[in-house]
> 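Just passing along the structure, written as structure tokens.
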Amino acid sequence: ELRSKSVRERPPVIFWQDDFDPVLSTWLELGAYWDDLPGSTANLVEDNPGMSYGKVESESLLVNLDVYPELTVVVANVQAGAYLDVGVQEQGGSWAYSNVTGYFTGPGTAKVNIADIMGWSGYKTFRIVLWINGNAKRVELDLIRLAMNCGRDVLPGDYYEDCVVDLNDLAELSRSWMTLYGLSDLAEVCEHWLTETF
């Protein structure tokens, strides 16, 4: 049953992500830096004396936004007095830039459709830009992902939130078994096993 649907039948659901285990080495640090923590989070630390803001930028990503328009950002913690803003910067062409999430002043998750916000379609090259504000302050991040749009409602059992209920969801359950997840969550995975929402 595990092999009843071939992963070759569809493109990968996730185009690019950093789950901070460990933090990707391809971030460009400009007035901010990553402090990698044990496990699956990392602190983004403002390091721009006198300016009280800094940023990091992902590598340049060439993305078919007709397939991968959804950006997810999961913030685990925000130090008092800090906030995080997430933007997208086109590379080449018009160099269009836009903030794509609201400010994170505390823990939370943002899911946004970059294609809709930027008015883009087809292939675009851009960077994801994380701005941290607050002199020497920290924001702890858990996940940044560029993926297919799974729809507004997450499929029951899709705890990894990648548009399909599969082994990734079992792994997600195991990470927080009996703290965040229990038997009812395992039952959701079993009930919707290999169901897809794209």
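Being a predicted model, the structure only gives us computed values, none of them experimental.
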> What's the separation between atom CG in N168 and atom CG in L173, rounded to the nearest 0.5 Å?
11.0 Å
> If every non-hydrogen atom of V164 is compared with every non-hydrogen atom of D158, which pair is closest and at what distance?
O-OD1, 3.3 Å
> Is there a side-chain contact between Q89 and W95 in this structure, where contact means two heavy atoms from C-beta onward sitting under 4.5 Å apart?
yes
> Between the main-chain N or O of T41 and the side-chain N or O of E140, is there a donor-acceptor pair closer than 3.5 Å?
no
> For the side chain of D66 and the backbone of G122, is there at least one donor-acceptor N/O pair under 3.5 Å apart?
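Judged by distance alone, yes, a pair lies under 3.5 Å.
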> Linking I/L/V/M/F/W/Y whenever any side-chain heavy atoms sit under 4.5 Å apart, do Y68 and L24 land together?
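Yes.
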> Go through the steps for W16 and I144 under the test side-chain contact (heavy atoms from CB on, under 4.5 Å), then give the verdict.
CA-CA 8 Å; W16 175 91; I144 298 174; 3.6 Å; yes
> Taking the side chain as C-beta and beyond, is there a heavy-atom pair between V139 and Y83 under 4.5 Å?
no
> Any donor-acceptor pair under 3.5 Å linking the side chain of E46 with the backbone of A136?
yes
> Any donor and acceptor pair, going by atom type alone, linking the side chain of D169 with main-chain N or O of D166 inside 3.5 Å?
yes
> Measure the CG-CG distance between D85 and L130 for me, rounded to the nearest 0.5 Å.
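Rounded to the nearest 0.5 Å, the CG-CG separation comes out at 9.5 Å.
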> Can F126 and V63 be said to form a side-chain contact (heavy atoms from CB on, under 4.5 Å), step by step?
CA-CA 8 Å; F126 59 88; V63 183; 3.7 Å; yes
> Look at the side chain of N99 and the backbone N and O of T101, then say whether any donor-acceptor pair between them is shorter than 3.5 Å.
no
> Find the distance between CD (E57) and CD (Q91) and round it off to the nearest 0.5 Å.
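Nearest 0.5 Å value for the CD-CD distance: 6.5 Å.
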> Got L167 and W193 here, is their nearest side-chain heavy-atom distance under 4.5 Å?
yes
> Would you kindly confirm whether L146 and L143 end up in one hydrophobic cluster when ILVMFWY residues are joined by side chain heavy atoms under 4.5 Å apart?
no
> Please report the interatomic distance CG(L141) to CG(L84), rounded to the nearest 0.5 Å.
5.5 Å
> If you draw the axis of the six-membered ring of Y159, does the NZ or CZ of R175 fall within 45° of it and under 6.0 Å from the ring centre?
no
> How does the hydrophobic cluster around Y53 look, that is, which other residues are in it when side-chain heavy atoms under 4.5 Å mark a link?
M51, Y97, V129, W131
> Can you list everything that forms a salt bridge (Lys or Arg N to Asp or Glu O under 4.0 Å) with K124? Sequence neighbours excluded, please.
E90
> List the atom of D142, the atom of S40, and the distance in Å for their closest heavy-atom pair.
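Taking every non-hydrogen atom into account, OD1-O, 2.7 Å.
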> Return yes if a side-chain donor-acceptor contact under 3.5 Å exists between W27 and E59, otherwise no.
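There is no such pair between these side chains.
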> Taking side chain to side chain contact (heavy atoms under 4.5 Å, CB included) as the test, write out the residues that go with S176, two or more places apart.
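T179, L180, Y181.
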> Hey, could you give me the CG/CG distance between N48 and N135, rounded to the nearest 0.5 Å?
8.5 Å
> Ignoring hydrogens, what is the shortest heavy-atom contact between E70 and K111? Give both atom names and the distance.
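Smallest interatomic distance, heavy atoms only, reads OE1-NZ, 3.9 Å.
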> Treating Ile, Leu, Val, Met, Phe, Trp and Tyr as nodes and any side-chain heavy-atom pair under 4.5 angstrom as an edge, say whether V78 and V45 lie in one connected cluster.
no
> Following the transitive rule for hydrophobic clusters with a side-chain heavy-atom cut-off under 4.5 Å over Ile, Leu, Val, Met, Phe, Trp and Tyr, establish whether W34 and I132 coincide in one cluster.
yes
> In a check of side-chain contact (heavy atoms from CB on, under 4.5 Å) between I128 and each of V100, V73, L71, V56, which one passes?
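Single pass found, and it is L71.
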> Is it the case that R127 and S60 place a side-chain donor and acceptor less than 3.5 Å from each other?
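Judged by distance alone, the side chains do pair up.
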> Please report the closest heavy-atom contact between L155 and T195, naming both atoms and the distance.
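What the structure gives for the nearest pair is CD2-O, 3.5 Å.
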> Return the minimal non-hydrogen interatomic distance between L65 and P69, and the atom names on each side.
O-CB, 3.4 Å
> Hey, quick one: are W120 and L62 part of the same hydrophobic cluster, counting side-chain heavy atoms closer than 4.5 Å, chains of contacts allowed?
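Different hydrophobic clusters.
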> Any idea which heavy atoms bring F104 and T109 closest together, and the distance?
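Closest approach of F104 to T109: CE2-N, 4.1 Å.
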> Within a strict 4.5 Å, meaning less than it, do heavy atoms of the D185 and W177 side chains meet?
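No, their side chains stay 4.5 Å or more apart.
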> Show your reasoning for whether side-chain contact (heavy atoms from CB on, under 4.5 Å) applies to S98 and I117.
CA-CA 8 Å; S98 181; I117 293 170; 4.0 Å; yes
> So, taking the atom named CZ in R138 and the one named CG in N43, what distance separates them when rounded to the nearest 0.5 Å?
5.0 Å
